[in-house]
2 protein chains.
Amino acid sequence: MKELLKTKGFKMTPQRELIFSAFFELGEHVSVDELYAKVREVDESVGYSTVWRNLKLICRVGLAEEVNIGDGVTRYDRVTHDPHGHLYCRECKQFFEFDSEAVVDLMSAVADRQGFRPEGFKVEIDGVCRQCLRKSKKDNRNGRSGRSRTDAEKASGQAKG
Amino acid sequence: MKELLKTKGFKMTPQRELIFSAFFELGEHVSVDELYAKVREVDESVGYSTVWRNLKLICRVGLAEEVNIGDGVTRYDRVTHDPHGHLYCRECKQFFEFDSEAVVDLMSAVADRQGFRPEGFKVEIDGVCRQCLRKSKKDNRNGRSGRSRTDAEKASGQAKG
DNA sequence: GCACAAATGAAATCGAAATTCATTTGCAAT
DNA sequence: ATTGCAAATGAATTTCGATTTCATTTGTGC
Ligand SMILES: [Mn+2]
Ligand SMILES: [Mn+2]
Ligand SMILES: [Zn+2]
Ligand SMILES: [Zn+2]
């Protein structure tokens, strides 16, 4: 680790060491804020921008990559394991993963056919997870409190679920 | 169109009419700024927030959906044609599309298996398009001017492109 | 016409990402 | 061990797209 950085021309500092190890402890889909919080548990003095810069660095040296689902916060995902896709639950805002090898193979073929050189694949399913489905079914049974329809509800007609 | 909105409880205004038709003229992957510019060509007085709100409205009534590639700008894509994926070229920043029915089928199966109710699929390939590949090959032949390596290049080892 | 909710436009706000800058620090060469 | 200096740090600031606020205007049903 230290070596990987050194050979790339980066210095090792206590902050960097802390940030890197905290990131790998947290593991999956880490946001800057989450990592910052984790790091501050150990060292109150580390700055936000340092955490941010080191997260970028972790990406630059190829140990993580950005994941962007469109909710406004960038998350950072270790690139240890095989290509995988994300299931993102709009209710509980949790990520689930699935093996996407088959999907990526298919996509590679598509890219080839167009003379496109692929460098990254994004495979995401947006929806509602099993738990949240169960919960909302229960809520429905108990009946929703008699509030009137919101603008959004009007716009989308009947709620899809 | 006017009817679609009316039945959903929205009013028709000159601005809205202009914005809607401008959007459908532009077609694919339209950003707020692009649409705003287009609209202002016709009517200087239309406000940015009106364009923004109507773009949201177009989505809410199901005529478009947001596309987010992670470059920081949200784009809006008509939902006329079949499910499709995007090829995004990091060089020329252009989108290309491909039919993703097979891919989506595969993904649906995955979601099912996990008890996940899918509501949207994102299938993206990030890379370099045919044209840009050709161009960069030519550039290489002519040799790059002798500037020193940038930080980013150091970080990523050999430049990928 | 009238009432009133919906829509508009300008300006303000929000928030994550990114940058600036003065200071400190790692580290390689003496 | 000293020293030179680029790299790294932390606080503050800036950026910039997205979103909200609010006073005013407008569309629609009566
Ligand atoms: Mn992941
Ligand atoms: Mn598209
Ligand atoms: Zn959930
Ligand atoms: Zn290109």
Side-chain angles (χ1 to χ4, degrees), chain A residues 1-3 5-20 29-37 39-40 42-61 66-76 93 148-155, chain B residues 1-3 5-20 29-37 39-40 42-61 66-76 93 148-155:
Chain A
M1 167 58 71
K2 209 166 288 189
E3 294 66 38
L5 289 176
K6 207 176 275 186
T7 63
K8 298 256 190 181
F10 297 102
K11 293 174 179 174
M12 184 47 67
T13 68
Q15 295 94 331
R16 178 158 291 168
E17 190 154 9
L18 172 54
I19 292 168
F20 271 56
H29 317 126
V30 181
S31 68
V32 183
D33 283 349
E34 282 164 7
L35 182 55
Y36 177 65
V39 164
R40 296 280 288 214
V42 180
D43 182 347
E44 272 289 338
S45 72
V46 178
Y48 180 90
S49 43
T50 301
V51 173
W52 181 82
R53 281 186 288 235
N54 274 289
L55 217 25
K56 287 290 196 186
L57 180 61
I58 293 173
C59 291
R60 280 195 274 156
V61 297
E66 301 194 350
V67 181
N68 232 296
I69 45 155
D71 73 342
V73 296
T74 302
R75 284 154 194 285
Y76 297 81
K93 275 94 172 81
S148 62
R149 302 168 79 207
T150 64
D151 241 44
E153 283 169 331
K154 279 202 298 191
Chain B
M1 167 57 71
K2 210 166 285 188
E3 293 66 37
L5 287 176
K6 208 175 275 187
T7 63
K8 298 256 190 183
F10 298 101
K11 294 175 178 171
M12 184 47 68
T13 68
Q15 295 94 332
R16 177 159 292 168
E17 190 154 9
L18 172 54
I19 292 167
F20 271 57
H29 317 125
V30 181
S31 69
V32 183
D33 284 348
E34 282 164 5
L35 183 55
Y36 177 64
V39 164
R40 296 280 289 213
V42 180
D43 183 346
E44 272 289 339
S45 71
V46 178
Y48 178 90
S49 42
T50 300
V51 173
W52 180 82
R53 281 185 288 236
N54 275 289
L55 217 25
K56 287 290 196 186
L57 179 61
I58 292 173
C59 291
R60 281 195 272 156
V61 298
E66 301 194 349
V67 181
N68 231 296
I69 47 156
D71 73 341
V73 295
T74 302
R75 284 155 195 285
Y76 298 81
K93 275 95 172 79
S148 62
R149 302 169 80 207
T150 64
D151 241 44
E153 283 169 331
K154 279 202 300 192

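Numbers restart at 1 for each chain; the letters A, B, ... are given by sequence-line order, proteins then strands.
In this structure, CD1 on Ile69(B) lies 10.0 Å from OG1 on Thr74(B), to the nearest 0.5 angstrom.
For dA17(C), one of the phosphate oxygens OP1 or OP2 lies less than 4.0 angstrom from a side-chain nitrogen or oxygen of Thr74(A). Here Asn54(B) does not reach the OP1 or OP2 of dA7(C): none of its side-chain N or O atoms lies under 4.0 Å away. Contact annotation: Gln15(B) side-chain N/O to dA7(C) OP1/OP2 distance is not under 4.0 Å. The side chain of Thr13(B) places an N or O atom within less than 4.0 Å of a non-bridging phosphate oxygen (OP1 or OP2) of dT8(C).
Comparing dA18(D), dC27(C), dA6(C) by their closest approach to the side chain of Met12(A) singles out dC27(C). For Pro14(B), the listed nucleotide lying nearest its side chain is dG27(D); candidates were dG10(D), dA18(D), dG27(D). Considering only side-chain atoms of Val32(B), the nucleotide from dG9(C), dA17(C), dA18(D) that sits closest is dA18(D).
Side-chain contact between Lys93(B) and Asp71(B): absent, with no pair of heavy atoms (C-beta onward) separated by less than 4.5 Å. Annotation: side chain of Leu57(A) is in contact with side chain of Phe10(A) (closest heavy-atom distance under 4.5 Å).
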Open item on the list: Using a 4.0 Å heavy-atom cut-off to protein, can you give one letter per nucleotide of nucleotides 18-23 of chain C, 5' to 3': B if the base is in contact, S if only the sugar-phosphate is, - if neither?
Closed with: SBB---
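The nearest heavy atom of DNA chain C to Tyr36(B) and to Arg16(B) marks one nucleotide each, and the one closer to the 5' end goes with Arg16(B).
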